[in-house]
K.L.:
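This is the structure I want to talk about, given as structure tokens.
Quick note: numbers below take in every heavy atom, side chains included, and nothing from hydrogens, waters or symmetry partners.
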2 protein chains.
Amino acid sequence: MPIRIIIFDDNDKLRESLAYLLKTQPEYEMVGEYNNCKEAATITRVYKPDVVLMDIDMPGDSGINGVRYVKETRPQTSVIMYTVFEDDEKLFQCLCAGANGYLLKQTPPQKLFDGIQEVIAGGAPMSPVIARKVLNSFQHGKSNKYFLTPREIEVLHLLIKGYSAKMIAANLDISFDTARAHLKNIYQKLHVNSGKEAIGKALGEHIV
Amino acid sequence: MPIRIIIFDDNDKLRESLAYLLKTQPEYEMVGEYNNCKEAATITRVYKPDVVLMDIDMPGDSGINGVRYVKETRPQTSVIMYTVFEDDEKLFQCLCAGANGYLLKQTPPQKLFDGIQEVIAGGAPMSPVIARKVLNSFQHGKSNKYFLTPREIEVLHLLIKGYSAKMIAANLDISFDTARAHLKNIYQKLHVNSGKEAIGKALGEHIV
DNA sequence: TTCGGTATCACTCAAATGAGTGAGTACCCG
DNA sequence: CGGGTACTCACTCATTTGAGTGATACCGAA
């Protein structure tokens with residue numbers, strides 16, 4: 001059974017030649033090509049594609065919204081971004097919108113075919129420079145610019161898990177008042193005045 | 001100039017056969033292989049490898065610490081995790097520690113070679129299932145599987161910012177008790193029983 | 001029109017929390 | 001040895017919070 005593919009790209013020449021290229025391969029079936037993604041939801045619902053190739057820069061709704069339309073309508077459809085942008089902002093917006101792959105337009109056709117196969121197999125094809133950016137985004141290690149002591153970090157971890165002072169005391173085998181003392185010190189160091197603020201700050205600034 | 005490679009893996013048989021395999025390729029130079037990563041920092045400083053293949057499950061320091069040692073000592077060295085684990089926890093710990101790639105041990109040799117070339121070229125080789133996990137981690141698509149109402153989402157946002165019930169009431173221009181009523185409903189829907197837990201759950205599960 | 005959901009508000013009560021103050025022990029480092 | 005830091009614990013006090021109960025008003029769907 002051929003892989004059903006739809007392309008959204010406002011560059012007519014590129015889109016058509018890409019469609020032509022895919023049609024020459026027996027394992028793919030082009031079920032649609034569009035120069036905008038306004039109707040992406042309807043199109044997806046009607047044609048049930050296995051794979052969608054989505055450009056970003058299109059008139060009207062951008063491809064970032066296009067991803068949302070497709071994934072909200074039919075989550076099992078794999079969406080591969082196919083664009084010239086290696087801009088961080090757009091990249092992460094696409095990923096957050098649920099894109100399953102991200103290939104730059106400089107990708108040679110054979111690699112594009114590989115990517116389609118990979119995404120069908122449950123993978124996530126990415127151009128090397130993109131994959132690197134994605135992994136780099138994880139390297140924001142705990143800074144600890146607030147000079148929390150080891151014990152305070154332990155307490156903060158439990159606090160983030162939603163533990164009350166009493167539970168923290170029991171968990172660390174210290175007295176209730178000691179747990180509260182640690183919490184007070186943590187709040188001072190983080191310049192907050194409640195556990196809720198501390199949790200927000202800790203999670204937001206990746207302190208832990 | 002050959003690519004200088006070091007392997008850390010406590011499986012002697014696998015490590016040695018891998019080293020042998022790499023030695024047969026003229027473009028690679030094996031400059032070391034170790035069954036633990038205790039001295040990874042020193043080894044990295046002395047031998048200046050271009051690429052490090054790092055297992056996770058090793059006696060003593062785990063490969064996750066190994067990544068830290070290598071990247072702290074010599075950031076320009078690329079570290080590729082090479083392991084059987086596709087466990088989420090370990091995966092993201094490795095990425096946060098600065099790994100530049102993540103290949104499962106089931107990867108055929110040719111793909112491993114490709115991965116080494118890719119990482120040298122500035123890419124981030126990942127096994128398909130890993131790449132998919134990584135991209136999935138970005139899909140903060142507000143799931144709202146807890147059926148929060150629009151108003152409750154507003155309240156939750158303020159709660160996450162550390163606002164007290166009184167502040168939420170003032171901010172939304174509603175009474176103190178109404179704000180508390182919304183909070184109580186939110187806690188019920190999230191199956192928690194404190195604001196701290198709600199914040200933890202909301203941020204942890206990317207509800208908002 | 002009735003029913004359900006949402007949003008609003010009020011009251012009570014026990015428990016938890018934040019803030020302040022003080023103090024003892026242990027350890028490392030100079 | 002002395003000083004600093006971390007960790008521990010106790011007590012008070014006002015405020016906040018979670019939980020329970022009940023009520024009113026609006027709106028859209030059945």
K.L.:
Where each residue is assigned the nucleotide of DNA chain C containing its nearest heavy atom, which of Glu152(B) and Arg180(B) is assigned the position nearer the 5′ end?
P.N.:
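Nearest-nucleotide comparison on DNA chain C picks Glu152(B).
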
K.L.:
Are Lys105(B) and Asp55(B) within salt-bridge range, i.e. N to O under 4.0 Å?
P.N.:
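Asp55(B) and Lys105(B): salt-bridged.
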
K.L.:
Classify Asn193(B) by what it touches in the nucleic acid, base, sugar-phosphate, or nothing, heavy-atom distance under 4.0 Å.
P.N.:
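Sugar-phosphate, backbone atoms only, no base.
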
K.L.:
Using atom CG of Asn185(A) as one end and atom C1' of dA6(D) as the other, report the distance to the nearest whole Å.
P.N.:
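To the nearest whole Å, that distance equals 10 Å.
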
K.L.:
Consider the side chain of Ser175(A), meaning its heavy atoms from C-beta on, and name the nucleotide among dG20(C), dG18(C), dC9(D) that approaches it most closely.
P.N.:
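Between dG20(C), dG18(C), dC9(D), the one nearest the side chain of Ser175(A) would be dC9(D).
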
K.L.:
If you count the non-hydrogen atoms of other residues, nucleotides and ligands that lie under 6.0 Å from OH in Tyr20(A), is the total more than 12?
P.N.:
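No, not enclosed.
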
K.L.:
Roughly how many Å is it from CD1 in Ile186(A) to C1' in dA6(D), rounded to a whole number?
P.N.:
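My rounded result for the distance is 13 Å.
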
K.L.:
Is any side-chain N of the basic residue among Arg68(A) and Asp61(A) closer than 4.0 Å to the acidic one's carboxylate O?
P.N.:
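The answer is no: the pair does not qualify as a salt bridge.
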
K.L.:
Just call it for Thr178(B): base, sugar-phosphate, or nothing, with non-hydrogen atoms closer than 4.0 Å on any strand.
P.N.:
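Base contact.
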
K.L.:
Take atom NZ of Lys184(B) and atom P of dT16(D), then tell me their distance rounded to the nearest Å.
P.N.:
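To the nearest whole Å, that distance equals 16 Å.
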
K.L.:
Please assess Tyr28(A) against Gln117(A) for the test side chain to side chain donor-acceptor pair (under 3.5 Å), listing each intermediate value before the final yes or no.
P.N.:
CA-CA 10 Å; Tyr28(A) 304 120; Gln117(A) 294 297 334; 3.1 Å; yes

K.L.:
Please check if the side chain of Asp173(B) supplies one atom and the backbone of Ala169(B) the other of a donor-acceptor pair under 3.5 Å.
P.N.:
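Such a contact is absent between Asp173(B) side chain and Ala169(B) backbone.
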
K.L.:
Please report, rounded to the nearest Å, how far the C1' atom of dT17(D) is from the CG atom of Leu183(A).
P.N.:
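Going from CG in Leu183(A) over to C1' in dT17(D) covers 16 Å.
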
K.L.:
Check whether any side-chain nitrogen or oxygen of His182(A) sits under 4.0 Å from OP1 or OP2 of dC7(D), and answer yes or no.
P.N.:
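No, because none of the side-chain N or O atoms of His182(A) sits under 4.0 Å from OP1 or OP2 of dC7(D).
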
K.L.:
Closer than 3.5 angstrom, by distance alone: can the side chain of Ser127(B) be matched with the main-chain N or O of Ile130(B) as a donor-acceptor pair?
P.N.:
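Side chain of Ser127(B) to backbone of Ile130(B), a donor-acceptor pair under 3.5 Å: no, none is there.
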
K.L.:
Take the protein atom CD of Glu154(A) and the nucleotide atom P of dC7(D), then report the distance between them rounded to whole Å.
P.N.:
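Answer to the nearest Å: 9 Å.
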
K.L.:
Measure from CG on Asp177(B) to C1' on dA10(C) and round the result to the nearest Å.
P.N.:
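After rounding, the reported distance stands at 6 Å.
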
K.L.:
Give a yes/no answer on whether the side chain of Thr149(B) brings an N or O atom under 4.0 Å of OP1 or OP2 in dA7(C).
P.N.:
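Yes, within the criterion.
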
K.L.:
Give the nucleotide from the list dT17(D), dT21(D), dT8(D) with an atom nearest to the side chain of Phe176(B).
P.N.:
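The closest nucleotide is dT17(D).
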
K.L.:
Heavy atoms within less than 4.0 Å of DNA chain C: which residues of residues 163-174 of chain A have one? Give them sorted by number.
P.N.:
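Heavy-atom cutoff 4.0 Å gives Ser164(A), Ala165(A), Lys166(A).
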
K.L.:
Please identify which of these residues, Val52(A), Ile6(A), Val119(A), Leu53(A), meets the side-chain contact (heavy atoms from CB on, under 4.5 Å) condition with Val79(A).
P.N.:
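Exactly one candidate clears the test, Val52(A).
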
K.L.:
Separation of Leu156(A) atom CG from dA6(D) atom P, in whole Å?
P.N.:
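So the two atoms are 16 Å apart, to the nearest Å.
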
K.L.:
For Tyr187(B) and dG20(D), give me the distance from atom OH to atom P, rounded to whole Å.
P.N.:
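The distance from OH of Tyr187(B) to P of dG20(D) comes to 14 Å, rounded to the nearest Å.
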
